Amino acid sequence: MQIETQYSFIDGEWHPGGETFDSINPSDTSDVIGRFSVASVDDCDSAVTAARSAFPEWSLSGLEQRKAILDAVGAELIGRSEEIGTLIAREEGKPLAEGIGEVARSGQFFQYFGAEVLRQMGEFAASVRAGVNIEVSREPLGVISIITPWNFPIAVAAWKIAPALAFGNCVVLKPAELVPASASMFADILARSGLPDGVFNMVHGPGNVVGQALVANPNVDAISFTGSVATGRHIARAAVENMTRVQLEMGSKNALIVLNDADIDVAINCAVNGAYFGTGQKCTASSRLIVEAGIHDEFVERMITATDALVVGHALEPGTQIGPVVDGQQLNKNLGYIQLAKEEGATVATGGDKLRLVTNGYYMRPALCVDTSNAMRINREEIFGPISSVIKVADFDEALSVSNDSDFGLTSGIITTSLSHATHFKRHTQSGCAMVNLPTAGTDYHVPFGGRKSSSYGPREQGQYAKEFYTTVKTTYLSA
Ligand code: NAD
């Protein structure tokens, strides 16, 4: 069967590129989802130029025009969430329900920022000088490069693009090369949304060429990136070279603390959800389970049973709870960490092996490692797979100290019935998001999201905090 090549979207047109790459279904590697042409460095520069040319008009566009477009994009995403969610499940490998949920959530991001368009209030101040008044207002930045990972193919792009457009900026999106079909479907919605040509552009291709071209271009005013720490570090350096504003959301090693006084059912539900759903490929996944000694053995026993009961399968198969790993490279990386866990002296209490199912996909059984210490590499490095480690601790103080002993600080959680411990944890946990009696994964769309330490760099994303990144402040002094 002839596979039609899909293009990048530049200045209002679908634009053919050079060589092509295929998107493969990780649940069934015989299923080629699409073929995509790689944008050249010149194409990337054209996209930035188109965005720059569109900026003067878009930055001054009427608020109702912007709101109408954002609302319509949101409504289309929500209305087509089943169809687009199916594509995400097929391309990324998350179970269908999670794919549908991601698309509906992406629609909510657009609708939320559609409402924010009408809430752009400035401030007024009296001056220390008689007869002078002061206004503090916000203005859009210009051209934003948006570089996204594969694990939430549409949601991460949506939570960046919606505020960028709402506040009057133009965008060039560079989606991850593992999920170009989902990105293209999303781009098609934006292409038909009534945005003037050049306001939204998308370029396909590898990060070290296409992403790099967007990062290196001095006509880009800001870069919003989500991905690994290594790439983020590189982007930050390049951004400083051009004095470009930058926001980075990166890796994690999130801890879930389980105290002796925890409701064990809540603990197991939160741990299984946080550690394994989305095949553990969430930046908010609970990869370290820090468990107080008194509940440790019961927790481990119940976790083994719950983990073994998870249904691993084709993302589109009804009943599948855990889909495949995203690709062969990530699967090998996961299996390598299982081997390392054993070498470091941990016990793999269950799972961690490759699974052969009816279709040829990148399947593995979710793994629970026990007898681990926080010094082990499996507890220090981000794995990004369905692998979780139990670390036994003597008491709450040790639990908190182990939880905070990490290079990362995105989310953290505690399962406890003690108000005093929950309150102390909330104040002293060194993470951007803190969860009490909830999984470490799962956040709302109208409040800030981000982390500390190596997990994040720059202003927070989402909610009203998004304007800190997507606008610049002007202080005007007026004398009558
Ligand atoms: P990655 O860093 O490999 O790639 C992310 C994006 O950067 C891709 O689009 C890639 O093509 C691009 N890129 C790669 N090299 C580049 C370069 N030199 N210049 C510019 N762009 C470049 O990450 P990934 O494997 O796609 O995603 C997994 C990572 O994302 C994990 O570390 C995960 O924790 C993180 N993540 C973080 C959050 C968060 O909000 N903190 C959310 C989702 C994923």
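In each ligand, atom 1 is the first atom listed, and ligand 1 is the first ligand listed. For this chain, numbers begin at 1 and follow the sequence in order. These numbers were taken from a predicted model, which means no experiment stands behind them.
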Inter- and intrachain pairs under side-chain hydrogen bond (donor to acceptor under 3.5 Å, both in side chains), touching residues 433-450, at least two apart
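Matches after skipping sequence neighbours: Ser286-Thr440.
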Distance from atom 42 (C) of ligand 1 to nearest protein heavy atom, with residue and atom
Cys283 SG, 2.9 Å
Look up atom 24 (P) of ligand 1 and tell me if a protein heavy atom lies less than 4.0 Å from it?
yes
At the 4.0 Å heavy-atom cut-off, does Phe152 count as touching ligand 1?
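No.
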With a 4.0 Å cut-off on heavy atoms, does Val156 reach ligand 1?
no
Determine whether Lys160 and Ser224 satisfy the following criterion, side chain to side chain donor-acceptor pair (under 3.5 Å), listing intermediate values before the conclusion.
CA-CA 7 Å; Lys160 295 175 188 292; Ser224 183; 2.9 Å; yes
Please compare Thr226, Ile147, Asn254 and report which has the shortest non-hydrogen distance to atom 12 (C) of ligand 1.
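Looking at heavy atoms only, Ile147 sits closest to atom 12 (C) of ligand 1.
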Residues Asn360 and Thr29: side-chain donor-acceptor under 3.5 angstrom
yes
Name all residues meeting the side-chain hydrogen bond (donor to acceptor under 3.5 Å, both in side chains) criterion together with Asp405; count only those two or more places apart in sequence or in a different chain, and write none if there are none.
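side-chain hydrogen bond (donor to acceptor under 3.5 Å, both in side chains) check on Asp405 returns Asn374, Arg380.
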Checking contacts here: is it the side chain or the backbone of Lys282 that comes within 4.0 Å of ligand 1, counting heavy atoms only? Could be both or neither.
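Looking at Lys282 and ligand 1, no heavy atom falls under 4.0 Å.
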Sub-4.0 Å atoms of ligand 1 with respect to non-hydrogen atoms of Phe449:
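Counting atoms of ligand 1 from 1, those under 4.0 Å from Phe449 are 40 (O).
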Does the gap between the ring centers of Tyr7 and His15 come in under 6.0 Å?
no
